[in-house]
Amino acid sequence: MLLIHRSQRAANAVRAVSAGGELFVASVVVCMILAAFGDAVDPTFLGEAGLEFALFDLGGEFSVLAMRHWHLLQLLVAGGVIAAGIAVLRVAAAAYFRSLHPGLARSVDKVPIKF
Amino acid sequence: MELELFSTAFLSALLTIILIDLVLAGDNALIIGLVARNLPKETQTKVIFWGTFGAIFIRAVMAILVVYILAVPGFMLAGGVALVWIARKLLTPEGNSETSSLVKAPAVTFGAAVRTIVIADAVMGVDNVLGIGGAAQGSILLIVLGLAVSVPIIVWGSQLVIKLVDRYPSVILLGGAVLAWTGYTMVVREPLLITWFEGHPAAKLVVAILIFSISLSPWYSERLSTELKPLVVLLPALLVWMLAFEVAGSLWKMQVDYLLATGPGEYLLEALRWVGWIPLAALFLWAREQFIARAARRATSPPLRLSR
């Protein structure tokens, strides 16, 4: 009998979670899996294959191989940054694609063009 | 292992412990209320005090015990697997919250009431203490800090926790993810498996994805369409299949890497590893379809009339 089950929203967290919260946790999980990937990959192998610099070494601490040393705080910060980035991209992409759609013929901001 | 005070590792472990404390806190106030509801007023006050004291005492004893138990080879792996199950259970949506079977009947004596409260707290606190023990990485200071966080939650903080998780249900998802992460670190820290993991580094990634795919399945299965729902079973099963070949290769000294295979037997084994799961997956999908179709037929068919 968990305390959180006193709240209907918390007991059904997978259904009640907000889109932003879900994006943040999903980003943290992706970072955790990347950290496990950095832990699983043998750095010498990547170095020999020349892949380390090509694929992973984006500059010091931000490489996937360095993520093996990351702790929860760093994973949370990285997840937050990724989630914020995706949210900004989503808003920008939505604004861009909205501008590509033609407005209604009788809308106020419709510019009349006659040939 | 003692972590350096206020290092990132220390603060991260502390944050993990606080999150685990929040999402796995037991409903002690409700239990005490249920147990003591039929007792006289003056006995109720004593039951609340001694029940809370007993709950804190048993939690402290369990926290100390878990540090020593996790140091025994094999128990770290068992604890990690248990945390995966706890994370999965945490994320599984609840219909109606059930009252623990331990407290269905109100106590009639002071001793029985305190005993029921302490036993209920011990049962409810096992997952919490296990999570804290795994996150503390053997640091007694972190265990003490974990207790220092969980005790106020037991005594006063229940309404605060309920308000927090009600406002932000993503805390529960984060708690599930952190539990899965703690479970993964416990599995790869298992003394019996450390050497094996050093020889099979790719297995760590398979284990990580396996753990996340099992523990977070209630979450992502909610987002999958009906056609994709079998992935919830197929993905972990495929990872277990791959892992089983790695383990079998180590146990029976077989070559399961096709780049290093020499004889036809080893090539056959490799083919079985990469293709052998396909008929099993097809069989599972077929059986699932049959089961769903039979359930639908049973639901739509008219009820049988018994003739006299």
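Chain A is the first sequence line, chain B the second, and so forth, proteins listed ahead of strands; every chain is numbered from 1.
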| said: Within residues 25-33 of chain A, which residues come under 4.5 Å of chain B, heavy atom to heavy atom? | reply: A:V25, A:A26, A:V28, A:V29, A:M32, A:I33
| Just how far is it from atom CD of A:E22 to atom OH of B:Y220, taken to the nearest 0.5 Å? | 14.0 Å
| query | More than 12 non-hydrogen atoms from neighbouring residues, nucleotides or ligands closer than 6.0 Å to OH on B:Y168, yes or no? | reply | no
| task | Determine whether A:L76 and B:L15 make a side-chain contact, defined as any pair of heavy atoms from C-beta on separated by less than 4.5 Å. | result | yes
| field | Segment of B:V23 engaging chain A (4.5 angstrom heavy-atom cut-off) | value | backbone
| remark: Under 4.5 Å to a heavy atom of chain A? For B:T92 that would be backbone
| task | Anything in residues 180-188 of chain B with a heavy-atom distance to chain A below 4.5 Å? Please list those residues in order. | result | B:W181, B:Y184
| field | Distance, nearest 0.5 Å, that separates CG of B:L174 from CZ of A:F24 | value | 5.5 Å
| message | Is it the case that over 12 heavy atoms from other parts of the model lie below 6.0 angstrom from the NZ atom of B:K163? | response | no
| Nearest-0.5 Å distance, CG of residue B:L205 to CG of residue A:L34 | 9.5 Å
| field | Positive for side-chain contact (heavy atoms from CB on, under 4.5 Å) with A:I4, one of B:L22, B:L24, B:V165, B:V171 | value | B:V165
| Residues of residues 84-95 of chain A within contact distance of chain B, non-hydrogen under 4.5 Å | none
| field | Atom of A:V17, atom of B:R223 and distance for their closest heavy-atom approach | value | CG1-NH2, 3.6 Å
| query | Who wins among B:I209, B:I172, B:V207 for the most heavy-atom pairs under 4.5 Å with chain A? | reply | B:I172
Can you give the donor-acceptor pairs under 3.5 Å from side chains of residues 5-14 of chain B to other protein atoms, not counting sequence neighbours?
unit_1	atom_1	unit_2	atom_2	d
B:S7	OG	B:E4	O	2.7
B:S7	OG	B:F10	N	3.3
B:S12	OG	A:L72	N	3.4
B:S12	OG	A:L73	N	3.1
B:S12	OG	B:T8	O	2.7

| query | Would the number of heavy atoms belonging to other residues, nucleotides or ligands and lying under 6.0 Å from CH2 of B:W85 be above 12? | reply | no
| field | For the student: nearest non-hydrogen atoms of B:P169 and A:A13, plus distance | value | O-CB, 3.6 Å
| said: Counting only non-hydrogen atoms closer than 4.5 Å, does B:A177 touch chain A with its backbone (N, CA, C, O), its side chain (CB onward), both, or neither? | reply: both
| said: Please report the interatomic distance OG(A:S18) to CZ(B:R167), rounded to the nearest 0.5 Å. | reply: 8.5 Å
